[in-house]
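Written out below as structure tokens is the structure these notes cover.
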Amino acid sequence: ARDFYEFRYPFIKRASSFSSSSSFSSSSNDEVTYDYIIVGGGTAGCPLAATLSQNFSVLLLERGGVPFSNANVSFLRNFHIALADISPTSASQPFVSTDGVINARARVLGGGTCINAGFYTRANSDFIRRVGWDARLVNESYPWVEKQIVHQPKLAPWQDAFKDSLLDVGVSPYNGFTYDHIYGTKVGGTIFDRFGRRHTAAELLASANPKMLTVLVYATVQKVLFDKSAGKRPKAMGVMFKDENGNQHQAFLTNNRRSEVILSCGAIGTPQLLMLSGIGPKAELQRLNISMVLHNELVGKGMADNPMNSVFVPMTRSVEQSLIQTVGITKMGVYIEASSGFGQSQDSIHCHHGLLSAEIGQLSTVPPKQRTRQTIEEFIKRKRDLPREAFKGGFILEKIAMPLSTGHLNLINTNIDNNPSVTFNYFGHPRDLRRCVNGIRMAAKVIQSDRFTNFTKCDKPTVEKLLNMSVKANINLIPKHTNDTKSLEQFCKDTVITIWHYHGGCHVGKVVDPNHKVLGTRRLRIVDGSTFSESPGTNPQGTVLMMGRYMGVKILRRRLGKAAGV
């Protein structure tokens, strides 16, 4: 009964309840097999499973638990606490790229939609054209998601002032509330409802066919199993996974050439699992004694993360908490966004100030390579002695739209629970740095605009005082000389953090074909952001959710034609 309450849906079970055979008989036809096995119940995996279950049997395997009874996931006010929880059962698993930027990946049913800032927007039509998707089906798939979990935000005062300031400094026209990606200033959708409650991808499972879907939580897939008969392309047969007690299980596909294992583990998990399953660069696999199924030099290559830099704006009075609602889409390849009020709550003053916090590694006052555990401890100590006023206010965030700098992902060991080594090479390309400089100048203009100063009501002495307190607390503030390009370039490099929009590692044409089937294999496909060579829209979750639905419908239509009924 506890499980039913906790898991909400009857088809969600613990991994330890899994049994691959319906009786103890040894005859193989008693074995339960599946038309589709989806690895990763995240932003893409949940809508994909819900869609495929309309006509076929689906097993969805998720390494984390459920989001439904987890207050850190469910409420906007706890956004920063979920990210700061680094216990092994947390919905958020931290990782540090070799660049020194602390980052997070999801470990929960619903994936990134459970730990993100909630902002929902669509990709621009150019992105859809570039990836070669069918625009008509895309425009049916977005609303399928939106009707179920997306809301129009009630604009917080900070976001309203931010909107007016963007228009003031020329990020125009004002496009009002819209999901569309258009130049100018707009208000986007959110997966938080008006009570501040989060609606995640896991809720899309409500539209699944409950008779055809099995979801296992705490099921950590360790590798895809292949049939490697001589002379034939390796064929995915099923997966090996462990349950919450550490016991091993195997799950198999139905004996049909159309059955598939589909990886939806995200940009970190999917390349990692592919390599652990024997698909990747030969030297890498040999180094760790992984038996090779298929050599592909390009698995884990082309990893990118949109660099973010932010500026703290102090206020003299308290401000309502808000995550991203308003966004400025500029013509210079940067997006401007804002958050407020996360430094004020009782639990956060001693441990967090929202998007920028030592505990979630967003310590943007210390150059990336120096963000060590020790630095973070010192920061926390210093921060505890500061008056609460030091953290009133919010942040203006500036994100590079399509970074040209890319890196790579490599295995450190063969344990799937451990993070692989990831390098993003932030600002490795000079054009990214130039765009950051322009973005910071734009953010400074926004903060100095009359609309914003009228709102923050900070007169000079208070600003000076707060600046001094903030320096002690290491909150980065606007660099003193915004006309000095050299010092701005340094500011960009020293204060770079992430907005968690990393992608790549299994690119189309390199690791998968245009239908996302893994090159050189049979019955294996990838549906997640590891296939992207750019992050869609100002914020990617809308497009990754849509992609789960879109790919599901495409697979059904290809298999069943009109009979698919979707």
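Since we're looking at a predicted model, the values are computed, not measured. Basis for what follows: all heavy atoms, side chains included, without hydrogens, waters or symmetry-related copies. For this chain, numbers begin at 1 and follow the sequence in order.
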Distance alone, cut at 3.5 Å: any donor-acceptor contact between the side chains of [X] and [Y]?
{"X": "R130", "Y": "N124", "result": "no"}
{"X": "T43", "Y": "T113", "result": "no"}
{"X": "T121", "Y": "K186", "result": "yes"}

4.5 Å side-chain heavy-atom contact, [X] and [Y]:
{"X": "V311", "Y": "I447", "result": "yes"}
{"X": "D160", "Y": "F455", "result": "no"}
{"X": "L276", "Y": "T414", "result": "yes"}
{"X": "L109", "Y": "L205", "result": "yes"}
{"X": "L273", "Y": "I416", "result": "yes"}
{"X": "I191", "Y": "T200", "result": "no"}
{"X": "F424", "Y": "P403", "result": "no"}
{"X": "V446", "Y": "E398", "result": "no"}

| Passes side-chain contact (heavy atoms from CB on, under 4.5 Å), N419 versus R105? Steps please. | CA-CA 10 Å; N419 289 311; R105 48 191 290 221; 2.8 Å; yes
Between [X] and [Y] (side chain of the first, backbone of the second, donor and acceptor by atom type, cut-off under 3.5 Å), is there such a pair?
{"X": "E337", "Y": "L397", "result": "no"}
{"X": "N78", "Y": "A71", "result": "yes"}
{"X": "S405", "Y": "H429", "result": "yes"}
{"X": "Q325", "Y": "Q152", "result": "no"}
{"X": "K163", "Y": "V187", "result": "no"}
{"X": "R198", "Y": "V73", "result": "yes"}

| said: Testing F127, Y142, Y335, Y120 one by one against H181 for a ring pair (Phe, Tyr, Trp, His ring centres under 6.0 Å), which residue passes? | reply: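 The residue from F127, Y142, Y335, Y120 that satisfies ring pair (Phe, Tyr, Trp, His ring centres under 6.0 Å) with H181 turns out to be Y335.
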| How many angstroms lie between atom OG of S92 and atom CZ of R107, to the nearest 0.5 angstrom? |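 So the OG of S92 and the CZ of R107 are separated by 7.5 Å.
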Name the one of [options] that satisfies side chain to side chain contact (heavy atoms under 4.5 Å, CB included) with [X]?
{"X": "I324", "options": "I499, T538, N116", "answer": "I499"}
{"X": "P420", "options": "M303, M275, Q272", "answer": "Q272"}
{"X": "N103", "options": "I268, V422, D305, V96", "answer": "D305"}

| said: Please enumerate all residues that pass disulfide (SG to SG under 2.5 Å) together with C492, with sequence neighbours excluded. | reply: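 Applying disulfide (SG to SG under 2.5 Å) to C492 gives C436.
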| query | Mind checking whether H501 and F532 have ring centres under 6.0 Å apart? | reply |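 Ring centres of F532 and H501 not closer than 6.0 Å.
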| request: Report the C-alpha separation of W158 and V313 in whole Å, then their side-chain angles, then the decisive distance to 0.1 Å, and conclude whether the side-chain contact (heavy atoms from CB on, under 4.5 Å) test is met. | output: CA-CA 11 Å; W158 180 270; V313 187; 3.6 Å; yes
| query | How would you list, by chain and number, every residue that makes a salt bridge (Lys or Arg N to Asp or Glu O under 4.0 Å) with D99, sequence neighbours excluded? | reply |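 Partners of D99 by the salt bridge (Lys or Arg N to Asp or Glu O under 4.0 Å) criterion come out as none, since no residue qualifies.
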| Non-neighbouring partners of D180 that pass salt bridge (Lys or Arg N to Asp or Glu O under 4.0 Å), sequence neighbours left out |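 Result, salt bridge (Lys or Arg N to Asp or Glu O under 4.0 Å) vs D180: none returned.
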| Partners passing ring-ring contact (aromatic ring centres under 6.0 Å, His included) against F192 (at least two apart in sequence or in another chain) |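 ring-ring contact (aromatic ring centres under 6.0 Å, His included) check on F192 returns nothing, list empty.
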| query | What's the verdict on side-chain contact (heavy atoms from CB on, under 4.5 Å) for R549 and L204, showing C-alpha distance, side-chain angles and the deciding distance? | reply | CA-CA 10 Å; R549 171 65 179 174; L204 299 174; over 6 Å; no
| query | Taking only residues two or more places apart in sequence or in another chain, which ones pass side-chain hydrogen bond (donor to acceptor under 3.5 Å, both in side chains) with Y502? | reply |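 Once residues adjacent in sequence are excluded, Y502 has no partner under the side-chain hydrogen bond (donor to acceptor under 3.5 Å, both in side chains) criterion.
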| field | Heavy-atom neighbours of K369 NZ exceed 12 at 6.0 Å | value |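 Yes - once you tally the heavy atoms of other residues, nucleotides and ligands closer than 6.0 Å, there are more than 12.
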| Is R287 atom CZ crowded by more than 12 heavy atoms from other residues, nucleotides or ligands, each under 6.0 Å away? |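 Yes.
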| field | Pairs satisfying disulfide bond (SG atoms under 2.5 Å apart), at least one member in residues 67-121, at least two apart | value |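 Every pair satisfying disulfide bond (SG atoms under 2.5 Å apart) with a residue in residues 67-121: there are none.
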| request: Just say parallel, tilted or perpendicular for the rings of W133 and H516, cut-offs at 30° and 60°. | output: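 Correct class here is tilted.
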| field | Cation-pi check, K493 onto F427 ring (under 6.0 Å, within 45° of axis) | value |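 No, cation not above the ring by the 6.0 Å, 45° rule.
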